[in-house]
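Order of the sequence lines fixes the chain letters, A, B, ..., with proteins taken first and strands second; residue numbering starts at 1 for each chain.
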2 protein chains.
Amino acid sequence: MRTRVTELFGIEYPIFAFSHCRDVVAAVSRAGGMGVLGALYFTPEELELELKWIDEHVGGRPYGVDVVMPAKYEGADLGDAGDLVARLQGMIPEGHKRFLEELLAEHGVEPLGEEGAGKVLLGWTDATARPQVEVALKHPIALLANALGPPPADVVAQAHEHGVKVAGLASNARHARKQVEVGVDIIVAQGTEAGGHTGDVSTMVLIPEVVDAVGADTMVLAAGGIGRGRQMAAGMALGADGVWTGSVWLTVDEADTPEKARAKLLEATSRDTVRSRSWTGKPARLLKTAWTDAWESERSPGTLPMPMQFMLISDALRRIGRSGDGELTTFPVGQIVGSMNQVKPAAQVVYDLIEEYVEALDRLNAITGAD
Amino acid sequence: MRTRVTELFGIEYPIFAFSHCRDVVAAVSRAGGMGVLGALYFTPEELELELKWIDEHVGGRPYGVDVVMPAKYEGADLGDAGDLVARLQGMIPEGHKRFLEELLAEHGVEPLGEEGAGKVLLGWTDATARPQVEVALKHPIALLANALGPPPADVVAQAHEHGVKVAGLASNARHARKQVEVGVDIIVAQGTEAGGHTGDVSTMVLIPEVVDAVGADTMVLAAGGIGRGRQMAAGMALGADGVWTGSVWLTVDEADTPEKARAKLLEATSRDTVRSRSWTGKPARLLKTAWTDAWESERSPGTLPMPMQFMLISDALRRIGRSGDGELTTFPVGQIVGSMNQVKPAAQVVYDLIEEYVEALDRLNAITGAD
């Protein structure tokens, strides 16, 4: 296949695979697509190890790194990462902590053991994401992607100096234009059906709007609801230069998705997701479970702004993964979860996408060809 | 173009145009697609006149009629249409009437004049829709479509006896299978981005699910977010035999859309819609205005079940159309409203759809052809 993005990156298929799992990233790149590692959960030191591993296992194929530098978040004016955590933690209301502890107790979730508290801030502040960018640019990455608003202009410039292309996620045409203004090369136009942070406009409506809004010089990837070849063909028909996928990689052989979550993802239908602020404070599509229900219920204290909501729930998520009745287990995932019913190697998912894509195109040609 | 639905109906393009306006229905059928008249707002006598007009103006081309026989509604056990209205009206709480009057007063909306109250029940009960079906089957219609759940099996049989094909709208795969079981010939799989009554799964995710669920013997039309040729190509790439469109016809030359609403539709972006129960009691996508906001606000008494919600608001809608500051004006419309920025003849919309469809297919072929 040949589109502007396959030419740009020298890849075989215009399939971008977002994953927090290095094994998936390397496997997709080796299969002819491009893996993009989500850096969010890693410290700079951890990210260095992950990228070193990918460099050794990707067979010289291009790959990317995805960071989260939100345009707006609480504490943006509180300075560097030094005691940012402590200051933000001081802003979490006691009522929220009580609500959460009661919810966990009802579902038999036990406290953490001796290992104590985990990472709570993650890479979604300017202060914590910049070191990730520094680490990433020391590796032979081909793409730096940013979610949640346009990346800072100096980060775009820094990437370009390293010969690295920059992609930005956008959920509406206005945001896409803003990203082009700061120099983003590729817009990932993400429909509401996508997993994780997502807007309210569907992929079907969004892609042509974004393609027309950014003009002919900017490449667009279609994201949201894409996990099969027919959907890939639809995304390309809508005008995209390639597709950006995420959810489908959560249940592949190589994925390190927690077992409880994986089992739920394999069972879920396309109706079992919901856009909820209960993960990060911004609307993100999650598996609909007792967790998302509780935060929507009458007794919910409401969610906190980013990044405090995740700081509040971070340890709770680890505890839920280890004990309890499993009903609280949730995970960011898109509506395509309804088609994720089988565990396959990542490379097989790539080949299945292409096979069904070709079938879809043959069918389209038969419709007009027979005329 | 040749698909199973163009063959079945002898139409040139697999484009179905739902409209409450007879002029649009006739224009689309004459242009090579198939117009489908929404019967909801008509008494049997009025419907007879509309269909007679279409018969005289459609140039012998096929057209369809769409009725609304919901699987579930309040008062389904209250018997025939005789005094059904009075009994249902008695069930509307005073608090709801007060809330509505206060809302109208705030926006300067005046009472109706001498002509008095309008129709309040509409065709969305078994008792009121059956006479519409009787009328429709006396005309040379090619298609009888039903929204909101599977049509009663005897209605399907009756249509088939008249040589009329039956289509049913479905917003998830389970509902689609149920419709096939009662004998529906064509499933209109409608994504959440569609206008009017709609589910929560997006078109991108829904179409392949429905196509796979109903099997090879049932035809599927893609609906929701389709107003341009790229979207039509995407719908067909997803596996559909044709596309079902609605919103785009609201702003064509021929449309009888009220002026205030039309002006708002032309200005709106794809982000200006919301799924709301404030129109009919069931979730329907509407233009987001002070009306939908008010029903979501803290002082809202909540919406009533179908058909009581529309009975409650029916006169209010007419009053809003005639006076007031216009801020309450809303209308059922899909997210494609963001692309409805120009008034064109209906036939031109058909030709533009096809032109852009062909361009999209050419682009797809260039992607693999150059390989």
Side-chain angles (χ1 to χ4, degrees), chain A residues 1-3 6 12 14 171-174 191-194 199-209 211-212 222 224-239 241 269-271 273-274 334-339 356-358 360-361 363-371, chain B residues 1-3 6 12 14 171-174 191-194 199-209 211-212 222 224-239 241 269-271 273-274 334-339 356-358 360-361 363-371:
Chain A
M1 297 177 68
R2 187 177 291 185
T3 74
T6 61
E12 206 164 340
S171 57
N172 64 64
R174 193 168 57 84
T192 187
E193 54 267 70
D200 45 16
V201 181
S202 81
T203 302
M204 185 66 96
V205 172
L206 182 67
I207 308 304
E209 281 191 350
V211 167
D212 293 347
I226 298 177
R228 313 199 43 163
R230 281 172 281 181
Q231 288 150 342
M232 180 178 169
M236 309 295 283
L238 290 169
D241 298 286
T269 76
S270 57
R271 302 186 70 191
T273 72
V274 63
Q335 292 186 338
I336 192 65
V337 70
S339 301
E356 193 176 294
Y357 177 97
V358 171
L361 183 55
R363 199 158 28 73
L364 285 182
N365 279 317
I367 290 171
T368 41
D371 208 15
Chain B
M1 295 177 69
R2 186 178 293 184
T3 74
T6 62
E12 206 165 340
S171 57
N172 64 64
R174 194 168 56 84
T192 187
E193 53 267 71
D200 46 16
V201 181
S202 81
T203 301
M204 184 65 95
V205 171
L206 181 68
I207 307 303
E209 280 190 350
V211 167
D212 293 347
I226 298 178
R228 313 198 44 165
R230 282 172 282 181
Q231 289 150 342
M232 180 178 169
M236 308 295 282
L238 291 170
D241 298 286
T269 76
S270 57
R271 301 186 70 190
T273 72
V274 63
Q335 292 186 337
I336 192 66
V337 70
S339 301
E356 194 176 295
Y357 177 97
V358 172
L361 183 55
R363 199 159 27 73
L364 285 181
N365 279 318
I367 290 170
T368 41
D371 207 17

Where A237(A) and A234(B) come nearest, the two heavy atoms and their spacing |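 The answer is CB-N, 3.9 Å.
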Closest heavy-atom pair and its distance - I336(B), V205(A) |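 I336(B) and V205(A) have their closest heavy atoms at N-CG2, 4.1 Å.
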Winner by heavy-atom pair count (cut-off under 4.5 Å) against chain B, out of [options]:
options: Q231(A), M236(A), R174(A); answer: Q231(A)
options: Q335(A), R228(A), E193(A); answer: Q335(A)
options: D212(A), T273(A), D241(A); answer: D212(A)
options: G227(A), S270(A), G225(A); answer: S270(A)

Top residue by heavy-atom pair count (under 4.5 Å) with chain A, among S202(B), A360(B), S339(B)?
->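 Looking at each option in turn, the highest pair count goes to S202(B).
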Options N172(B), T6(B), V358(B), T3(B), ranked by heavy-atom pairs under 4.5 Å with chain A, top entry |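 Looking at each of N172(B), T6(B), V358(B), T3(B) in turn, N172(B) comes out on top.
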Working to the nearest 0.5 Å, report the span between CG of L364(A) and CG of L364(B).
->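 Answer for the CG-CG pair, L364(A) versus L364(B), is 6.5 Å.
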Measuring from M204(A):CE to L238(B):CG, what's the distance to the nearest 0.5 Å?
->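 Taking CE in M204(A) and CG in L238(B), the distance rounds to 5.0 Å.
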Pick one of side chain, backbone, both or neither for E209(A), based on which atoms fall under 4.5 Å of a heavy atom in chain B.
->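 Side chain of E209(A) only, per the 4.5 Å heavy-atom cut-off to chain B.
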Segment of D200(A) engaging chain B (4.5 angstrom heavy-atom cut-off) =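 Answer is both: backbone and side chain atoms of D200(A) are under 4.5 Å from chain B.
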Mind running side chain to side chain contact (heavy atoms under 4.5 Å, CB included) on T203(B) and T203(A) for me, showing each step along the way?
-> CA-CA 8 Å; T203(B) 301; T203(A) 302; over 6 Å; no
Apply side-chain contact (heavy atoms from CB on, under 4.5 Å) to V211(A) and list each qualifying residue two or more places apart in sequence or on a separate chain.
->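 In terms of side-chain contact (heavy atoms from CB on, under 4.5 Å), with neighbours along the sequence ignored, V211(A) is linked to I207(A), V220(A), R230(B).
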